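See structure below.
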Protein chains: 2
Amino acid sequence: MGKELNAIPDIIISRLPVYYQHLKNLQSSSKEYVSSEELADLTGFSSSLIRKDLSYFGTFGRKSYGYDIYCLFQQINIIMGFNYKKKLIIIGAGHLGQALAYNKGYNERGYQLISIFDKNPKLIDLVINDIEIQSVSNLERFLENNKVDVAALTVPGAAAQKITDRLVAAGIKAIWDFTEVPLKVPEDIFLEEQLINEGLCKLSLKMNQKRLNQDGTTEDLSCGQK
Amino acid sequence: MGKELNAIPDIIISRLPVYYQHLKNLQSSSKEYVSSEELADLTGFSSSLIRKDLSYFGTFGRKSYGYDIYCLFQQINIIMGFNYKKKLIIIGAGHLGQALAYNKGYNERGYQLISIFDKNPKLIDLVINDIEIQSVSNLERFLENNKVDVAALTVPGAAAQKITDRLVAAGIKAIWDFTEVPLKVPEDIFLEEQLINEGLCKLSLKMNQKRLNQDGTTEDLSCGQK
DNA sequence: TAGATTGTTAATCGATTAACAATC
DNA sequence: TAGATTGTTAATCGATTAACAATC
């Protein structure tokens, strides 16, 4: 894709959803200001890092007070583009696809879910959270008539690449991928892998590390071949 | 928690699930070996970084051949502790909780889902993917009689801290959290936040950045206050 | 005023890359 | 042998932290 001139460093991008979440939760507190030190407690990032991250985008703080919670939240919303409306469709109305249809996170981030597609005739015409599931054979026609920004992919792995190719051919520019297979897309398509089992992986690894530390053993790994 | 002596750097941990996923997918190819260069193509990490990451754990490669796919996959499984059996419960049988009940990723990672809890009487006794939903009032009794390693938390945000406190009191050491509220847990508890909407956040930000770059505008952010 | 806390600089720390000897 | 590719070193690059002047 070629980095843009003013591209936000990935490492900062990865912390923005965390700031967003905590500031959103702080809205419902009675506090007006939050300090970088308090945000450090909440997020686990150092206060110094938080101040530096925020200063990348502008000057939001007030010396000796901290950051106006409401105001900073609004700014983060603008930085993340949540004030722009985006249309979303879900491809694959299995259990995960259906659960995503009930996800409450869209509106606050500027997304609107407008349709769900599946190929299973038993699911077609079923209404999930006020959205009717339609046949994936309608996909191209639907995309011609509706400006869709993001497609969530919750189809079985075996179908993922074919559907992706169709989405790309129909002009979709961003894919939110829940399948666990590697997808090939042109360079100008935004592809976000949502590794649903990532947390389970990390927990397993951490529990394993703890076990190894307690046992005092050091696993000697090698492939046994020269 | 205090870092362990031989703690694997977080940045390497974060790439392990990606290696795992691609090596798993490579199992079903006809290839026997994969080079760091090929893995670089698949993952987007540089080949140099991949060789360095893997060398952190041992010597797995074979000069001029690359890495034995099956063997390396097995090693990654061992590193992540997937060869150890872990028991999992789900708290909250809403749409997301139910979708997690159908998740196919447990077994290959050494997890076994053994129960689902909810407080809604309409859901109790319902069978989801062969697992019976039981009343959350049974939680403590159940945990006394069953060694549970990880609890997945898919309850509404408002109930999250209370349930967490009960889980911790009952001896749970690892929580896979899907709620979007900050949870307080003792230092010795592993807590993994699974930010389900993270991908949507990043896509929104990237689309917004692209728009800004095309417009040539630079948003001037500031809180309007001195 | 005294205390608090930002925004920013310079110093430090750690992660990534480039390069290449070793060797299959 | 010539070509391929690892494992590892040293160099580079970038991210984080510590510190503090500015100031509310």
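Just so it is clear: chains get the letters A, B, ... in the order the sequence lines come, proteins before strands, and each one is counted from 1. Worth saying up front: this structure is predicted, and the values here are computed from it rather than measured.
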Under a plain distance cut-off of 3.5 Å, with no hydrogens placed, do [Y] and [X] share a side-chain donor-acceptor pair?
X: Ser36(A); Y: Arg51(A); result: yes
X: Gln161(A); Y: Asp165(A); result: yes
X: Tyr67(B); Y: Glu38(B); result: no

Do you know the tightest heavy-atom contact between Ile89(B) and Leu139(B)? CD1-CD1, 4.0 Å
Has Tyr56(B) got a side-chain N or O lying under 4.0 Å from the OP1 or OP2 atom of dG14(C)? no
Would you say Ser36(A) places a side-chain N or O within less than 4.0 Å of OP1 or OP2 belonging to dT6(C)? yes
Give the rounded distance in Å between these two atoms: [atom1] of [X] and [atom2] of [N].
X: Arg62(A); N: dT5(C); atom1: CZ; atom2: P; value: 13 Å
X: Glu38(A); N: dA4(C); atom1: CD; atom2: C1'; value: 11 Å
X: Leu54(B); N: dG7(D); atom1: CG; atom2: P; value: 8 Å
X: Lys63(A); N: dA4(C); atom1: NZ; atom2: C1'; value: 12 Å
X: Leu39(B); N: dG7(D); atom1: CG; atom2: P; value: 12 Å
X: Tyr65(A); N: dT5(C); atom1: OH; atom2: P; value: 11 Å
X: Ile50(A); N: dT5(C); atom1: CD1; atom2: C1'; value: 13 Å

Can you sort out the partners of Asp53(B) under side chain to side chain donor-acceptor pair (under 3.5 Å), two or more places apart, ordered by chain and number? Arg15(B), Tyr19(B)
Using a 4.5 Å cut-off on heavy atoms from C-beta on, say whether the side chain of Glu198(A) contacts that of Gln194(B). yes
So what does the secondary structure string of DNA chain D come out as, 5' to 3', with Watson-Crick or wobble pairs under 3.5 angstrom, [ ] for crossing and | for pairs with another strand? ..||||||||||||||||||||||
Would you call the rings of Tyr33(A) and Tyr65(A) parallel, tilted or perpendicular, where under 30° means parallel and over 60° means perpendicular? tilted
Contacts under 3.5 Å, N or O only, protein and nucleotides 15-19 of chain D:
from	atom 1	to	atom 2	distance (Å)
dT16(D)	OP1	Arg15(A)	NH1	3.0
dT16(D)	OP2	Arg15(A)	NH2	3.0
dT17(D)	OP2	Ser46(A)	OG	2.7
dA18(D)	N7	Ser48(A)	OG	3.1
dA18(D)	N6	Ser48(A)	OG	3.3
dA19(D)	N6	Arg51(A)	NH2	3.2

In this structure, CE of Met207(B) is separated from NZ of Lys86(A) (nearest 0.5 Å) by 6.0 Å
